[in-house]
*Asks:* 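One structure, as structure tokens, below. Some questions next.
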2 protein chains.
Amino acid sequence: MDKERQASLSRIIHYTFSDSTLMIMAITHRSYSAQHNERLEFLGDSVLSFLIAEELYKRFPRLDEGDLSRLRAQLVKESSLSGIATSIGLGDFIRLGEGELKSAGWRRPSILADTFEAIIGAIYFDGGIEPTHQFILRFFEKQLNEIDPKLIQKDPKTLLQELLQSKKSDLPIYTVVSIEGEAHSQTFTIECIIKKSNIKTQGIGNSRRIAEQEAASKAYQLMLETI
Amino acid sequence: MDKERQASLSRIIHYTFSDSTLMIMAITHRSYSAQHNERLEFLGDSVLSFLIAEELYKRFPRLDEGDLSRLRAQLVKESSLSGIATSIGLGDFIRLGEGELKSAGWRRPSILADTFEAIIGAIYFDGGIEPTHQFILRFFEKQLNEIDPKLIQKDPKTLLQELLQSKKSDLPIYTVVSIEGEAHSQTFTIECIIKKSNIKTQGIGNSRRIAEQEAASKAYQLMLETI
């Protein structure tokens with residue numbers, strides 16, 4: 001890979017490596033050479049997950065861990081990463097074996113996403129956490145800014161509570177009907193009662209929380225049907 | 001939580017918080033208070049995964065990403081984390097609601113592991129990456145030192161190659177017998193031939209690599225039977 005191409009790659013990723021062999025390894029697919037990018041991809045995947053988790057944690061102090069996990073999964077999924085890789089033209093730089101070249105491997109989402117992760121791993125190994133953080137902010141800033149925590153799918157208990165509050169109705173009461181089974185594999189049956197609306201539903205699950213959510217979901221559907 | 005108990009907890013985790021409310025939140029189960037530790041657990045889980053990935057990446061430069069992933073999964077699995085939590089007596093400090101207290105929740109592996117992760121998240125939020133790294137090295141040093149990369153399960157192609165080399169035999173030859181199906185869901189049939197031993201096996205898979213491994217695995221079994 002000549003110096004000119006190395007310089008263009010540095011430009012599109014906005015990072016200049018101290019050790020350019022790391023950059024070259026990051027864009028090398030296993031079909032091209034034994035010095036390929038899969039270990040860097042492993043490292044990059046974990047740095048990326050961590051830095052996105054931290055951003056979400058700090059930006060959305062009121063979201064619970066379930067919403068944070070879902071948001072992170074959306075941001076780091078293959079189609080998101082390959083989309084970013086495509087937008088900066090990373091495909092032109094990936095070093096592929098003959099077979100992969102013939103089948104247009106540089107356009108395959110999995111290869112694009114993996115290479116993007118390998119570049120993150122290489123930047124981390126080359127420059128440490130700060131430049132990696134800057135890199136990730138640069139490429140995820142738009143997606144991070146577009147997140148509207150209000151639009152995140154709420155769980156049924158929350159939805160039901162908000163609906164009842166908006167109607168100035170009493171809040172639902174959840175009661176345990178039964179707990180069956182051994183300590184390690186219990187089945188909970190929970191009843192959700194909304195007196196004023198004459199609603200009584202049941203949910204079953206392996207935890208109290210799951211059973212409550214199921215009961216709440218049924219009650220919420222009934223409420224919507226009777227409005 | 002009085003100052004004395006806070007001091008004992010700091011002692012067992014070898015970390016003193018600047019912001020002690022973070023420490024208290026980290027040991028608070030959702031059954032005890034709305035200010036519980038699940039968000040910190042989300043953060044801690046991702047910092048832990050990342051720091052363990054980095055340690056493995058640096059310590060084992062010859063392991064491939066599959067082995068690195070398996071090793072990491074072993075180190076951060078629930079039973080490993082709850083084991084560490086138990087060994088330092090973390091259970092005594094967890095703040096649980098009445099129901100969880102009655103059912104001895106402080107002994108439950110999931111609660112112990114989650115609280116341990118929440119403490120990692122709290123240390124990261126309180127002190128940044130360096131003290132978190134120190135914390136993780138302290139508690140995982142023994143497990144990290146005990147890893148013997150030679151004992152990690154090798155893939156069938158490697159096993160077969162090493163066996164043949166030890167017998168000064170020719171190396172196996174892998175040939176594509178057929179590739180069927182559309183570009184996105186191809187089925188590869190690969191033949192593995194070891195002339196000298198009169199062995200010919202076939203493997204089938206959705207990638208060349210998988211098919212080769214299957215063929216190698218069968219050949220390896222045959223080799224072992226004929227020795």
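This structure is a prediction, so every number in the text was calculated from the model and none was measured. Here is how names work: the chains are called A, B, and so on, in the same order as the sequence lines, proteins then strands, and each is numbered from 1.
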*Asks:* Before you tell me yes or no, could you show the steps for B:Phe50 and B:Tyr57 under ring pair (Phe, Tyr, Trp, His ring centres under 6.0 Å), namely the whole-Å CA-CA distance, both residues' side-chain angles and the distance that decides it to 0.1 Å?
*Replies:* CA-CA 10 Å; B:Phe50 156 56; B:Tyr57 184 89; over 10 Å; no
*Asks:* Hey, are B:Glu38 and B:His29 close enough side-chain-wise for a donor-acceptor pair under 3.5 Å?
*Replies:* no
*Asks:* In terms of heavy-atom pairs under 4.5 Å, which option from A:Gly66, A:Ser49, A:Ala53 contacts chain B the most?
*Replies:* A:Ala53
*Asks:* Going by the side chain to side chain contact (heavy atoms under 4.5 Å, CB included) test, name the single residue among A:Met25, A:Arg95, A:Arg30 that passes it with A:Gln35.
*Replies:* A:Met25
*Asks:* Taking the six-membered ring for Trp, are the ring centroids of A:Tyr174 and A:Phe188 within less than 6.0 Å of each other?
*Replies:* no
*Asks:* Which bit of A:Leu48 comes within less than 4.5 Å of chain B, counting heavy atoms only: side chain, backbone, both or neither?
*Replies:* neither
*Asks:* Between A:Glu65, A:Arg72, A:Arg108, which residue shows the highest count of heavy-atom pairs closer than 4.5 Å to chain B?
*Replies:* A:Glu65
